[in-house]
Amino acid sequence: MSSIADSPRQAGPREWLGLAVLALPTLLLSIDVSVLHLAVPHISEALDPSATQMLWIIDVYGFLIAGFLVTMGTLGDRIGRRKLLLIGAAAFGVASVVASYATDPAMLIAARAALGIAGATLMPSTLALISNMFPDPRQRGMAIAIWVTMFSVGVALGPVVGGAMLEYFWWGSVFLLGVPIMALLLVAGPLLLPEYRDEDAGRLDLASVALSLAAILPVIYGLKEIAKDGVSAVPGLALVVGLVVAVVFVRRQRTLASPLLDFRLFANPTFRTALVTLLLSMLVAGGTYLFVTQYLQLVGGLSPMKAGLYLLPAAFALIVTSVLSPVAASRFRPAYVVAAGLVVSAVGHGMLALADSSSGVAQVVTGFAFAYAGGGPLVALGTDIVVGSAPPEQAGSASALSETSTELGMALGVATLGSVGTAVYRGEVDVPARVPDGAGDTLAGALEAAKNLPADLSAAFVDSGRAAFTEGMNVIGGIGALLALGSAVLVAVVIKSPPTGVGEESAAGAEPVAETAERAS
């Protein structure tokens, strides 16, 4: 039996106050995503971006977060986690101001790109610092649960706060939400957060950084364009180039003493399955959220404030299931808890697939709530499964990959499912000959163009546009239902590990995570 002297150090009041500080970036990033989707119609009206530019405004942020997560984690090993966190917070605040006063789509895309790079410094730093600050496995499990729950709280607050700001201020005001949050982090961080760095961290391989970006961005561009316009030479070539560079990147990592990504982790089927499930779930969430928020405003005719209130049931459902999932995982295998949640999520997406444009608001809100409720177990337990399935000495790399799959999945969902939904809309909408070219490419543009048409022609155009947009959402809902069911089966069959994060058995296996957290990337 272990002696008291062998017990891990217990975190005190300073660490728990520090956790509140570390929760701020998570809260901000989730608020930012939900607020931006609500602002899409207003950005369309103010800046008049093309459909492609609008997708880039939304997804370039997630693309660059995913591309730079591992790089920033490695950089944090060298200069210190707290220092990198504070640098990122300052950069995020400045970029938020630039975004809020953007005067054209290109400026907003650039500002969003800067926000993505700054955001990549925040998430791996917070998770690594939590692991260092809470060496006791039980306390660490509670701390990570609180940290994850803050994402759900941000999802709940974002629509309400953002909807109110869009109701009374201009669209750029939503980006200013990040400024006071980052200011508080900059003030409280040095007082409450310890500094951690790995004195033996390997050299940052700039060639690997370049290769990772050169692999991710062309692939995403190719997928976007193929989903939007079909297979053609340029996006096909981009896709091939990205995949070839990805192969070169993987081979280089296997030759380096300190790789950006340790691909030996993928030999573990539990790790591999959990990571893929996280990516697919976030992919579906990104595309679904984009279309549901626009549906409520553009099809349902709700104001931004009311649309935000209609999204609250889904956000609260996510909070409840995220909090209850660790309790369920103490009695059942986490894989079974996650799989059951994914089945519930599939039901919700099925409801979205069957909604219509005339009386579907209640069904869309209910289906969206089921979809989010079912995702709670995966959000709460997914990282624990990923990290717990890796050897202790590779826990840092596993954490980085978990974060990367989440961010990349969200970005890919907006890019691919957003493009699929847009393609369905364009194929179904009946654009009158009197409408200028390109004006009906998006539903927001169609509603604006309809104002200049005779009453009978305008009404027919609006009805066609709303029905076509709903068709796009229906297709996304069907895809989401199929992916959720497939993921549920995969998780239940492949992942055989016992409950993690609870009990003495898991505590023994979890302790090395804290010991190697300073290497977490």
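Predicted, not measured: the structure shown is a model, and the values here were computed from it.
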Using modelled atom types only, decide if a donor and an acceptor are shared between the side chain of [X] and the backbone of [Y] within a distance under 3.5 Å.
X: Ser487; Y: Leu483; result: yes
X: Ser281; Y: Thr277; result: no
X: Gln53; Y: Ser50; result: yes
X: Arg466; Y: Leu298; result: yes
X: Ser44; Y: Val40; result: yes
X: Gln294; Y: Leu290; result: yes
X: Gln363; Y: Met351; result: yes
X: Trp56; Y: Ala106; result: no
X: Arg112; Y: Tyr61; result: no
X: Thr121; Y: Ala118; result: yes

Can the positive tip of Arg272 be found less than 6.0 Å from the middle of the six-membered ring of Phe266, inside 45° of the ring normal? no
Of all the heavy-atom pairs spanning [X] and [Y], show the shortest one and how long it is.
X: Val494; Y: Thr270; result: O-OG1, 4.3 Å
X: Ala353; Y: Gly477; result: CB-C, 3.9 Å
X: Ala371; Y: Ser345; result: O-OG, 3.2 Å

What's the spacing between Leu485 CG and Leu342 CG if we round to 0.5 Å? 9.0 Å
Report the distance from atom CG of Leu354 to atom NE2 of His349, rounding to the nearest 0.5 Å. 13.0 Å
Aromatic contact, Phe368 with Tyr289 (centres under 6.0 Å): yes
Are Phe175 and Tyr101 close enough that their ring centers fall under 6.0 Å? no
Any side-chain heavy-atom pair from Met54 and Leu47 closer than 4.5 angstrom? no
